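Okay, so here's the structure we're looking at.
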Amino acid sequence: MSSNIVIVESNNDKYFLQAIIRYLNFNIEVAPPIIISEDDYKSMNGLNLTKLKDALKDLKADIQKGEIERVGIVIDIDDKGESERINFINECIQEVFPGSPLLAKVKQFINITFDDFNIQLACYFTNVDGQGELETVLKIIKSKDSNYADCLESWKSCLNNHGQEITIKDFDKFWVSIYLRFDTCSKRDKKQAERKCSFEYAMEKKAEIWDFEHPTLNDLKEFMQMFT
């Protein structure tokens with residue numbers, strides 16, 4: 001039986017999309033991450049063409065077994081433009097599926113045919129108002145009080161006063177980690193903090209700390225709807 005699959009950038013992206021899929025009750029599989037960082041809260045050194053190509057190559061075998069019908073690619077837009085991100089994905093697609101049509105925009109399928117097999121492929125870029133990444137979205141859709149995490153703004157100002165800076169990317173990752181560890185993790189769970197205050201556990205067991213009805217997620221939900 002054919003199925004749909006979504007390729008994601010990191011473990012945290014995987015856990016996040018799995019939580020949304022459960023919330024929406026969709027039957028979609030999330031593929032292993034393109035980039036697996038030892039610590040999801042450390043900055044990654046950018047997307048890697050080779051790893052995305054490898055992910056697409058790995059899917060080829062399943063496609064040839066007739067197991068894959070539609071493929072989605074979800075990556076952060078970061079500080080890149082949409083066209084730059086689309087060009088990045090198109091380069092990988094052309095390497096793995098030479099002569100395939102080019103993606104022109106997000107949330108639009110292209111048909112890829114090879115060796116008498118056919119799949120549909122589309123992409124989406126995680127963002128808030130055209131910028132950012134997963135953690136940028138998470139800050140917006142948090143549903144609980146975030147007093148501990150919000151106080152990081154004072155810490156950031158203190159750094160600036162001492163001639164030090166932290167990037168927005170790193171700050172947002174730190175904000176999410178503090179929100180998980182101090183704002184939303186109970187005293188009882190903190191006794192097993194490594195597991196029960198982790199991002200994976202929060203997405204699976206405490207999804208209510210995020211507002212999955214937030215308008216920020218509307219575009220992503222529309223994209224996921226394409227695979228049902």
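We count residues from 1, following the sequence as given. As the structure is a computational prediction, the values presented were derived from the model and not from experiment.
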- request: Assess whether atom OH of Tyr148 is packed by more than 12 heavy atoms of other residues, nucleotides or ligands within 6.0 Å.
  value: no
Sorted by chain and number, sequence neighbours left out, side chain to side chain donor-acceptor pair (under 3.5 Å) with Glu213 holds for Tyr23
Checklist entry - Does any non-hydrogen side-chain atom of Ser3 lie less than 4.5 Å from one of Ile68? => result yes
ask   = What's the verdict on side-chain contact (heavy atoms from CB on, under 4.5 Å) for Ile73 and Leu56, showing C-alpha distance, side-chain angles and the deciding distance?
value = CA-CA 10 Å; Ile73 298 176; Leu56 291 173; 4.3 Å; yes
- Query: Can you tell me if Asn4 uses its side chain to pair, donor with acceptor, with the backbone of Glu69 under 3.5 Å?
  - Reply: no
Correct closest heavy-atom pair for Phe88 and Ile75 would be CD2-CD1, 4.3 Å
Those residues at least two apart in sequence (or on a different chain) that pass salt bridge (charged side-chain N to carboxylate O under 4.0 Å, His left out) with Lys205 are none
Applying salt bridge (charged side-chain N to carboxylate O under 4.0 Å, His left out) to Lys206 and not counting sequence neighbours gives none
query = Are any of the side-chain heavy atoms of Leu17 and Leu220 separated by less than 4.5 Å?
reply = yes
Checklist entry - Do Lys190 and Lys196 touch side chain to side chain, with heavy atoms closer than 4.5 Å? => result no
Inset, instruction - Please confirm whether the backbone N or O of Ser83 pairs with a side-chain atom of Asn87, one donor and one acceptor, at under 3.5 Å? - result: yes
By side chain to side chain donor-acceptor pair (under 3.5 Å), Glu222 pairs with (sequence neighbours left out) Lys107
With sequence neighbours left out, the residues meeting ring pair (Phe, Tyr, Trp, His ring centres under 6.0 Å) with Phe109 are Phe227
Hits for disulfide bond (SG atoms under 2.5 Å apart) against Cys185, two or more places apart or cross-chain, chain-then-number order -> Cys197
Is it true that atom CZ of Arg195 has more than 12 heavy atoms of other residues, nucleotides or ligands lying nearer than 6.0 Å?
yes
Polar side-chain atom of Arg85 near backbone of Asp76 as donor-acceptor pair, under 3.5 Å | yes
_Quick check against the 3.5 Å criterion: does Lys221 have a side-chain atom that pairs as donor or acceptor with the backbone of Phe212?_
yes
Sequence neighbours excluded, the answer for side chain to side chain contact (heavy atoms under 4.5 Å, CB included) partners of Gln94 is Ser100, Leu102
Check: Glu133 main-chain N/O paired with Asp78 side-chain donor or acceptor under 3.5 Å
no
Sorted by chain and residue number, the side chain to side chain contact (heavy atoms under 4.5 Å, CB included) partners of Leu138 (sequence neighbours excluded) come out as Phe16, Leu134, Ile141, Val176, Phe199, Met203, Trp210
Looking at Asp54 and Leu52, would you say the former's side chain and the latter's main chain have a donor-acceptor pair under 3.5 Å? no
For Lys60, the side chain to side chain contact (heavy atoms under 4.5 Å, CB included) test, sequence neighbours excluded, returns Val96, Phe97, Phe114
Salt bridge (charged side-chain N to carboxylate O under 4.0 Å, His left out) test vs Lys139 passes for just one of Asp150, Asp183, Asp211, Asp172, namely Asp172
Residues Lys105 and Ile86: closest non-hydrogen pair is CA-CD1, 3.5 Å
The side chain to side chain contact (heavy atoms under 4.5 Å, CB included) partners of Asn111 (sequence neighbours excluded) come to Asn118, Gln120
Taken in chain and number order and not counting sequence neighbours, the residues that satisfy side chain to side chain donor-acceptor pair (under 3.5 Å) with Thr216 are His214
The salt bridge (charged side-chain N to carboxylate O under 4.0 Å, His left out) partners of Glu153 (sequence neighbours excluded) come to Lys156
Ignoring hydrogens and geometry, is there a side-chain-to-backbone donor-acceptor pair from Arg70 to Ala122 under 3.5 Å? no
Under 3.5 Å donor-acceptor, Ser10 side chain and Asp13 backbone: yes
Partner of Ile89 under side-chain contact (heavy atoms from CB on, under 4.5 Å), picked from Leu103, Val106, Leu49, is Leu103
Query raised in the report: So, for Tyr179 and Trp175, is the gap between ring centers shorter than 6.0 Å?
Result: yes
Has Ser143 got a side-chain atom pairing as donor or acceptor with Ile209's backbone, closer than 3.5 angstrom?
yes
Other residues, nucleotides and ligands only: do more than 12 of their heavy atoms fall within 6.0 Å of CG on Leu24? yes
d(Tyr124 OH, Ile77 CD1) to nearest 0.5 Å is 9.0 Å
